[in-house]
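Residue numbers begin at 1 in each chain, while the letters A, B, ... track the order of the sequences. Values below: every heavy atom of this structure, side chains too, minus hydrogens, waters and symmetry copies.
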Number of protein chains: 2
Amino acid sequence: MSSVTIKDVARLAGVSPSTVSRVISNHPKISPATKKKVREAMEALGYHPNIMAQSLVSKNTQTLGLVLPHSAEKIFVNPFFSEVLRGMLAYANIKQYDILMSSANNPKEEIEAVTRMVLGRRIDGIILMAPRQKDPIVEKLLEYQFPFVLLGRSMEHDHVLSVNNDNIKAAYDITNHLIKQGHKRIGFVSGPPDLVVSIDRLEGYKKALLEAGLPVHPDWIIGEDVLQGNAFHALTMIMNSPEPPTAFVVTDDVVAFGLIRELYAAGFHVPQDVSIVSFNNIVLSELSNPPITTVDIGIYHLGYLTVQHLIRKLSGEEIEKPQMIVPHRLIIRESSMKLQ
Amino acid sequence: MSSVTIKDVARLAGVSPSTVSRVISNHPKISPATKKKVREAMEALGYHPNIMAQSLVSKNTQTLGLVLPHSAEKIFVNPFFSEVLRGMLAYANIKQYDILMSSANNPKEEIEAVTRMVLGRRIDGIILMAPRQKDPIVEKLLEYQFPFVLLGRSMEHDHVLSVNNDNIKAAYDITNHLIKQGHKRIGFVSGPPDLVVSIDRLEGYKKALLEAGLPVHPDWIIGEDVLQGNAFHALTMIMNSPEPPTAFVVTDDVVAFGLIRELYAAGFHVPQDVSIVSFNNIVLSELSNPPITTVDIGIYHLGYLTVQHLIRKLSGEEIEKPQMIVPHRLIIRESSMKLQ
DNA sequence: CTGAAAGCGCTAACAG
DNA sequence: CTGTTAGCGCTTTCAG
């Protein structure tokens with residue numbers, strides 16, 4: 001593993017180090033002849049610039065930080081994550097950026113990880129996933145005046161760069177789909193309550209019910225721990241009440257999988273006994289049994305645009321609209337059904 | 001976003017920059033008094049070391065590279081990936097390492113990405129996932145003598161650091177499970193044929209059949225494109241032959257999901273008409289309908305140990321056994337059934 | 001135990 | 001168009 005530096009190249013090419021530096025950065029005023037000479041020398045020696053040294057002086061790292069939502073082990077095992085990451089890397093790759101990931105086990109470590117990356121000057125900008133209400137990391141970054149982008153949105157600051165779906169509308173639309181199918185008693189299975197996305201989806205659900213003159217029954221809004229089976233009890237109670245819901249809006253495909261199983265275990269079949277709709281359209285939602293009606297939110301695209309948005313900002317482009325919205329669409333499958 | 005350097009701290013603490021440096025690196029011979037003074041100054045100014053500068057001189061980056069299998073878009077959308085990454089980050093986090101990810105769209109870009117990371121001195125070591133037969137990246141890294149670890153194994157080099165399951169044994173075990181259930185005609189759905197893991201699992205499957213005196217029917221070994229529906233045709237042909245398989249060993253849970261759907265579409269029910277077993281035990285395999293019998297390979301653990309193995313090597317520890325094997329276990333669920 | 005000095009590999013004025 | 005010079009922020013001999 002040779003350690004060939006700019007000096008070695010300079011020597012071989014018979015020029016000064018600065019000239020080599022210039023051909024690396026494609027400086028305009030450099031004669032084709034020397035450019036060629038230098039290129040050949042670089043080739044011959046197998047030269048690659050030391051990125052650390054470059055960054056130290058140029059003050060930029062061609063690296064983006066990605067902080068993983070700590071609490072969100074659940075979110076994280078979610079195929080959503082890999083898909084969004086794939087989109088992020090795709091665009092980063094085009095622009096020759098890499099992505100530096102850091103994890104944390106609790107909010108404190110999360111802040112530490114961010115601080116280390118930012119103040120350690122390891123990255124040029126940062127991507128935040130799954131922002132919360134009054135998110136401390138957002139506040140911190142705003143305080144540092146460090147460039148960042150939200151995959152999601154901030155409830156408090158509407159000038160921060162963000163790429164998001166219109167989750168309120170999405171939830172409104174999918175709930176209306178159920179209403180149009182004749183459902184009148186519709187439950188909701190929510191995500192972590194402090195996530196903005198959870199709040200938005202719940203709001204859209206409520207809005208649709210209210211507009212249709214249907215009841216928002218607090219008992220029918222259940223936590224996202226269904227998957228873990230903790231809410232099994234709550235679920236059977238709801239389903240065995242005199243007038244149980246005939247449909248559920250579920251915050252996430254993976255949770256929908258869990259719910260379908262739990263219902264099955266409790267003796268209820270989807271969609272014959274109860275309809276299920278959810279969000280995200282992960283690949284597996286189509287392969288579920290039954291296939292799940294869901295809102296396609298363009299996961300890959302979300303990741304792609306998030307990085308694009310951030311890199312544009314970093315390149316000093318004027319951002320006309322800081323809040324970017326990725327359109328959603330309903331994917332109707334067999335898990336939701338017309339009520340007779 | 002202050003840019004406070006070691007000099008600022010030195011000035012405030014009334015010492016020299018080198019002393020500050022020593023405090024940072026916890027040098028033994030430093031008086032408690034000055035140590036305290038310096039610590040306070042760092043605190044007061046909100047000092048964080050510039051990691052680029054540190055790396056430039058110390059020659060290590062506290063960063064591990066992760067190259068994503070390019071072809072493996074399919075593997076990548078797979079929840080397997082997020083889970084293994086979670087394990088990797090968990091251990092990296094403990095040791096204060098970060099993970100730098102780079103993607104590529106083809107083998108050429110893949111090599112470039114590695115080269116850039118390695119020769120750009122951005123990372124101390126590298127993690128390779130899903131190695132192939134005669135993997136060019138492995139060869140390259142060996143040539144550079146750059147530290148790396150395989151999540152999987154190399155077929156050619158048995159001294160390289162690797163963390164893996166005994167996939168031959170795993171496939172052998174799960175196939176035997178079917179045989180014990182009375183199945184005599186057992187098909188196989190394979191992964192990308194150049195991946196070592198595919199080769200190993202196929203081998204284990206064949207071994208079990210041979211030992212049991214059962215036929216290895218070439219027509220029953222089908223490609224992994226079932227999920228995409230390309231193999232739908234092949235599948236119906238097999239299933240409608242006079243003596244169709246009564247069970248399939250499938251290389252991956254996600255593919256199993258797809259297969260179950262395809263079978264269902266073709267009029268065959270799992271497990272009544274045909275049993276399905278697969279590998280990985282992703283969270284969703286339990287939530288499938290029916291729940292899938294699978295081999296738990298300890299995904300999280302694989303990721304965790306892979307990073308541990310690499311970091312140990314980097315710290316100069318003597319590695320007794322370069323090839324680390326994570327045990328597997330069968331998870332019997334409803335998708336496989338005793339044959340009457 | 002601590003400071004001064006040199007240098008990691010690269011870039012960016014400033015001259016020529 | 002190209003070389004010289006001076007750092008980027010940090011660590012590390014080498015003297016004291």
Legend entry - Residue A:Val57, side-chain heavy atoms: nucleotide from C:dG3, D:dG7, D:dC10 that is nearest: D:dG7
Legend entry - Minimal non-hydrogen separation, A:Leu151 against A:Pro131, with atom names: O-CD, 3.3 Å
Legend entry - Whether B:Ser21 side chain and B:Pro17 backbone form a donor-acceptor pair below 3.5 Å: no
Legend entry - Distance in angstrom units between A:Asn60 CG and D:dC8 P, rounded: 17 Å
Legend entry - B:Met42 CE - D:dC10 P separation (whole Å): 11 Å
Inset, instruction - Assess whether side-chain contact (heavy atoms from CB on, under 4.5 Å) is satisfied between A:Lys140 and A:Val114, documenting all intermediate values. - result: CA-CA 9 Å; A:Lys140 196 93 192 166; A:Val114 171; 5.5 Å; no
Inset, instruction - Tell me whether the OP1 or OP2 atom of C:dT11 has a side-chain N or O from A:Gln54 closer than 4.0 Å. - result: yes
Inset, instruction - Classify the ring geometry between B:Tyr304 and B:His301 as parallel (under 30°), tilted (30 to 60°) or perpendicular (over 60°). - result: parallel
Inset, instruction - Establish, with yes or no, whether the OP1 or OP2 oxygen of D:dT2 is under 4.0 angstrom from a side-chain nitrogen or oxygen of A:Ser31. - result: yes
Inset, instruction - Give a yes or no on whether a salt bridge exists between B:Glu40 and B:Lys36, defined as a side-chain N under 4.0 angstrom from a carboxylate O. - result: yes
Inset, instruction - Whole angstrom is fine here: how far is it from CG in B:Asn26 over to C1' in D:dC10? - result: 17 Å
Legend entry - Sidechain N-carboxylate O distance under 4.0 Å for B:Glu112, B:Lys108: yes
Inset, instruction - Quickly work out the B:Arg122 CZ to C:dG9 P distance and round it to whole Å. - result: 17 Å
Inset, instruction - Check the distance between D:dG9's P and A:Met52's CE and give it to me in whole angstrom. - result: 16 Å
Legend entry - Under-4.0 Å side-chain N/O to phosphate OP1/OP2 contact, B:Thr34 with C:dT2: yes
Legend entry - Within residues 16-24 of chain A, residues whose heavy atoms come under 4.0 Å of DNA chain D: A:Ser16, A:Ser18, A:Thr19, A:Arg22
Inset, instruction - Please check if the side chain of A:Asn93 supplies one atom and the backbone of B:Ser103 the other of a donor-acceptor pair under 3.5 Å. - result: yes
Inset, instruction - For C:dC1, take OP1 and OP2 only and decide whether either is under 4.0 Å from a side-chain N or O of B:Lys35. - result: no
Legend entry - Distance below 4.0 Å between B:Ser58 side-chain N/O and D:dC10 OP1 or OP2: no
Inset, instruction - Measure the distance from NZ on A:Lys7 to P on D:dT4 and round it to the nearest whole Å. - result: 12 Å
Legend entry - DNA chain C: 5'-proximal contact among B:His27 and A:Asn50 (nearest heavy atom): B:His27
Inset, instruction - Side chain of A:Lys59 only, please: which of D:dC1, D:dT11, D:dC8 is the nearest? - result: D:dC8
Legend entry - Atom-to-atom span, CZ of A:Arg121 to C1' of C:dC10 - whole angstrom: 18 Å
Legend entry - Separation of atom CG in A:Leu119 from atom C1' in D:dG9, rounded to whole Å: 14 Å
Inset, instruction - Determine the contact category for B:Leu56: base if any of its heavy atoms lies under 4.0 Å from a base atom, sugar-phosphate if only primed atoms, P, OP1 or OP2 are that close, otherwise nothing. - result: base
